[in-house]
Engineer: 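Before anything else, here's the structure in question.
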Amino acid sequence: MPIPFILLLLLISILVWRRRSMAKYLVSCAFFVLLFLSSQLSVNTLVRPLESAYPINSTPIAGACFVMVLGSAHSDIQGATAVQSLSAVALARLSEGVRQLNLGQECKLIVSGWGGELTQVSHAEMMANAAVELGVNKRRIIQFPLARDTLEEAQYLQWELGQEPFRLVTSATHMPRAMAIFTAKGLHPEAAPTDFIGRDDFWWRLTADNLVASQRAIHEYIGRLWLWLKTVS
């Protein structure tokens, strides 16, 4: 996470302030990290390679099919509908999942995600409720309420589908890693990316949106590295 990392550099620089050369070096590093990650350059360098790996999928689906929407996050907001309780990422993924569902005639929607420590309702249940609010018949929805991450989502889907092909819906930055995980399990996903965050902007404009996009991209690169290390170990 860039902000804690930058603050850590600044904190260390304060602790070693008497060693002026090292302190100046750490402050300079913090400055340039913040400058890069909040700029359009970071989007072009970190985000675009991930989001360009798979194109938008609008191919009609023939026959029976399954649409798997990977989980994200939600909040227990008093008096809010399920759709209003979803995070922006979760809502983007679910709306694309519903769009993919409508590309076929006999598709089932699969949603996943556990509740975590901050919510009382599992994410899968909240996603299912939101899908019903968006017009999906609840009898067409399958839930994986115990899946805590992409690896577990792939495992639960393997138990459910076996060798059946399916549409995989997740954020465009997350799609390369998700596809690698699902194919490694012997599954047959067809990518349907959404939630594109690599927006064009002026090169000189520094924004919090770029910082968030950079954070998500870094998360994916570290995740892919960790996945590779687990594979070779």
Side-chain angles (χ1 to χ4, degrees), residues 1-17 22-56 69-77 80 83-96 113 116-119 123 126-127 148-151 169-181 191-229:
M1 300 179 68
I3 292 178
F5 177 69
I6 292 169
L7 290 176
L8 179 62
L9 290 177
L10 294 176
L11 176 61
I12 296 175
S13 70
I14 293 174
L15 296 177
V16 298
W17 191 250
M22 180 178 291
K24 290 179 180 179
Y25 174 76
L26 292 172
V27 171
S28 298
C29 287
F31 172 79
F32 284 109
V33 168
L34 180 60
L35 179 66
F36 171 70
L37 295 181
S38 60
S39 70
Q40 183 66 26
L41 179 60
S42 71
V43 173
N44 295 337
T45 305
L46 301 177
V47 180
R48 289 278 166 74
L50 295 173
E51 294 195 333
S52 62
Y54 295 93
I56 295 172
V69 179
L70 300 190
S72 180
H74 71 274
S75 300
D76 293 330
I77 303 174
V83 169
Q84 293 168 340
S85 300
L86 296 179
S87 69
V89 174
L91 184 57
R93 293 181 182 183
L94 181 61
S95 60
E96 177 62 19
E117 300 176 354
L118 301 177
T119 56
H123 187 62
M126 188 66 76
M127 291 278 274
R148 293 175 295 180
D149 55 26
T150 309
L151 288 168
V169 178
T170 189
S171 301
T173 53
H174 183 229
M175 185 60 77
R177 183 161 63 98
M179 288 291 286
I181 290 173
T194 187
D195 185 33
F196 292 86
I197 56 176
R199 308 298 183 188
D200 290 325
D201 202 349
F202 297 107
W203 67 267
W204 45 264
R205 183 175 291 170
L206 308 179
T207 69
D209 289 338
N210 290 340
L211 195 60
V212 171
S214 299
Q215 176 178 310
R216 287 173 59 177
I218 292 170
H219 175 85
E220 290 304 317
Y221 288 118
I222 293 176
R224 292 170 71 179
L225 175 61
W226 176 243
L227 184 64
W228 178 78
L229 290 174

Engineer: Just verifying a value: how many Å separate Met175 CE and Thr170 OG1, rounded to the nearest 0.5 Å?
Structural biologist: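 Atom-to-atom, Met175:CE and Thr170:OG1 are 6.0 Å apart.
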
Engineer: Might you point out which heavy atoms bring Ala30 and Leu10 nearest each other, and give the distance in Å?
Structural biologist: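 Ala30 and Leu10 have their closest heavy atoms at CB-CD2, 3.8 Å.
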
Engineer: Which pairs pass ring pair (Phe, Tyr, Trp, His ring centres under 6.0 Å) with one or both residues in residues 25-55, sequence neighbours excluded?
Structural biologist: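 Matches after skipping sequence neighbours: none remain.
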
Engineer: Counting distance only, does the side-chain N/O of Gln40 pair as donor-acceptor with the main-chain N or O of Arg199 below 3.5 Å?
Structural biologist: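 Yes; at least one donor-acceptor contact below 3.5 Å.
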
Engineer: Quick one: side-chain contact (heavy atoms from CB on, under 4.5 Å) partners of Ser87, sequence neighbours excluded?
Structural biologist: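 Scan of Ser87 (side-chain contact (heavy atoms from CB on, under 4.5 Å), adjacent residues dropped) gives Ser72, Ala73, Val89, Ala90.
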
Engineer: Tell me, please, which residues at least two apart from Glu51 pass salt bridge (Lys or Arg N to Asp or Glu O under 4.0 Å).
Structural biologist: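 With sequence neighbours excluded, Glu51 shows a salt bridge (Lys or Arg N to Asp or Glu O under 4.0 Å) to no residue whatsoever.
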
Engineer: Does a donor on one side chain sit under 3.5 Å from an acceptor on the other, for Thr150 and His174?
Structural biologist: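 A donor-acceptor contact under 3.5 Å links the two side chains.
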
Engineer: Of all residues at least two apart in sequence or in a different chain, which pass the side chain to side chain donor-acceptor pair (under 3.5 Å) check with Glu220?
Structural biologist: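 Listed in chain order: Arg177.
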
Engineer: By the salt bridge (charged side-chain N to carboxylate O under 4.0 Å, His left out) test, which pairs, at least two apart or in different chains, include something from residues 34-46?
Structural biologist: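 Sorted result for residues 34-46: empty, none.
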
Engineer: Apply the test side chain to side chain contact (heavy atoms under 4.5 Å, CB included) to residues Gln84 and Ile77: give CA-CA distance (whole Å), side-chain angles for both, the deciding distance (0.1 Å), then the verdict.
Structural biologist: CA-CA 8 Å; Gln84 293 168 340; Ile77 303 174; 5.8 Å; no

Engineer: Keeping Ser13 on the side-chain end and Ala23 on the backbone end, is there a donor-acceptor pair under 3.5 Å?
Structural biologist: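 No, Ser13 side chain to Ala23 backbone: no donor-acceptor pair under 3.5 Å.
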
Engineer: Under the rule for side-chain contact (heavy atoms from CB on, under 4.5 Å), what residues qualify as partners of Thr119, not counting sequence neighbours?
Structural biologist: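 Only His74, Asp76 meet the side-chain contact (heavy atoms from CB on, under 4.5 Å) criterion with Thr119.
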
Engineer: List in chain and number order the residues that pass side chain to side chain donor-acceptor pair (under 3.5 Å) with Thr45, two or more places apart in sequence or in another chain; answer none if no residue qualifies.
Structural biologist: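 So Thr45 forms no side chain to side chain donor-acceptor pair (under 3.5 Å) with any residue.
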
Engineer: Taking atom CD1 of Ile3 as the centre, report whether more than 12 heavy atoms of other residues, nucleotides or ligands fall under 6.0 Å from it.
Structural biologist: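 Count not over threshold, so no.
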
Engineer: Holding to side-chain contact (heavy atoms from CB on, under 4.5 Å), I want the full list of residues that pass it with Leu225, two or more places apart in sequence or in another chain.
Structural biologist: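 With sequence neighbours excluded, Leu225 shows a side-chain contact (heavy atoms from CB on, under 4.5 Å) to Trp228, Leu229, given in chain and number order.
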
Engineer: Can you see which heavy atom on Ser214 is nearest to which on Val47, and at what distance?
Structural biologist: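 Scanning both residues, the minimum pair turns out to be N-CG2, 4.4 Å.
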
Engineer: I would like to know whether Leu70 and Val169 meet side chain to side chain contact (heavy atoms under 4.5 Å, CB included); could you show each step before the answer?
Structural biologist: CA-CA 6 Å; Leu70 300 190; Val169 178; over 6 Å; no

Engineer: Quick one: list whatever passes salt bridge (Lys or Arg N to Asp or Glu O under 4.0 Å) with Arg205, sequence neighbours left out.
Structural biologist: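 Salt bridge (Lys or Arg N to Asp or Glu O under 4.0 Å) check on Arg205 returns Asp201.
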
Engineer: Whether the side chain of Asn210 engages the backbone of Ser38 through a donor-acceptor N/O pair (distance < 3.5 Å, no angle test) should be reported.
Structural biologist: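 It does hold such a pair.
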
Engineer: What are the two closest heavy atoms between Pro176 and Arg224, and how far apart are they?
Structural biologist: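 Smallest interatomic distance, heavy atoms only, reads CB-NH1, 4.3 Å.
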
Engineer: Decide side chain to side chain contact (heavy atoms under 4.5 Å, CB included) for Leu86 and His123; before the verdict, give the C-alpha distance in whole Å, the side-chain angles of both, and the deciding distance to 0.1 Å.
Structural biologist: CA-CA 9 Å; Leu86 296 179; His123 187 62; 4.1 Å; yes

Engineer: Is the backbone N or O of Gly198 less than 3.5 Å from a side-chain atom of Arg48, with the two atoms forming a donor-acceptor pair by type?
Structural biologist: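 Yes, the answer is positive, given that a donor and an acceptor are paired below the 3.5 Å cut-off.
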
Engineer: Going from CE on Met22 to CH2 on Trp17, what distance comes out if it is rounded to the nearest 0.5 angstrom?
Structural biologist: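 Nearest 0.5 Å value for the CE-CH2 distance: 13.5 Å.
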
Engineer: Leu34: which residues meet the side-chain contact (heavy atoms from CB on, under 4.5 Å) condition with it, sequence neighbours left out?
Structural biologist: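 For Leu34 the side-chain contact (heavy atoms from CB on, under 4.5 Å) partners, ignoring immediate neighbours, are Ile6, Leu211.
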
Engineer: Kindly state each residue pair satisfying salt bridge (charged side-chain N to carboxylate O under 4.0 Å, His left out) with at least one member in residues 25-39, sequence neighbours excluded.
Structural biologist: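 Of all non-adjacent pairs touching residues 25-39, none passes salt bridge (charged side-chain N to carboxylate O under 4.0 Å, His left out).
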
Engineer: Work out which heavy atom in Met126 is nearest to a heavy atom in Ser85; give both atom names and the distance.
Structural biologist: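 Scanning both residues, the minimum pair turns out to be SD-CB, 4.0 Å.
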
Engineer: Testing the basics here: between Leu9 and Leu26, what is the closest heavy-atom pair and its distance to 0.1 Å?
Structural biologist: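 Taking Leu9 first and Leu26 second, the nearest heavy atoms are O-CB, 3.9 Å.
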
Engineer: Please report the C-alpha distance between Ile218 and Leu46 in whole Å, then the side-chain angles of each, then the deciding distance to 0.1 Å, and finally whether the side chain to side chain contact (heavy atoms under 4.5 Å, CB included) criterion is met.
Structural biologist: CA-CA 7 Å; Ile218 292 170; Leu46 301 177; 4.2 Å; yes

Engineer: Verify, without hydrogens or angle tests, whether Tyr221 (side chain) and Arg216 (backbone) share a donor-acceptor contact under 3.5 angstrom.
Structural biologist: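 Checking the backbone N and O of Arg216 against the side chain of Tyr221, no donor-acceptor pair under 3.5 Å is found.
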
Engineer: Look up atom CD in Glu96 and atom CZ in Phe196, then write down how far apart they are to the nearest 0.5 Å.
Structural biologist: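 So the gap between those two atoms works out to 8.0 Å.
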
Engineer: Would you mind telling me which of Ile197, Leu50, Asp195 makes a side chain to side chain contact (heavy atoms under 4.5 Å, CB included) with Ser171?
Structural biologist: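 When side chain to side chain contact (heavy atoms under 4.5 Å, CB included) is applied between Ser171 and each of Ile197, Leu50, Asp195, only Asp195 qualifies.
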
Engineer: Among all residues two or more places apart in sequence or in another chain, which pass the salt bridge (Lys or Arg N to Asp or Glu O under 4.0 Å) test with Arg148?
Structural biologist: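 Per chain and number, Arg148 pairs via salt bridge (Lys or Arg N to Asp or Glu O under 4.0 Å) with Glu152.
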
Engineer: Taking all atoms of both residues into account, what is the closest heavy-atom pair of Ser42 and Ser39, and its distance?
Structural biologist: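 What the structure gives for the nearest pair is OG-O, 2.8 Å.
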
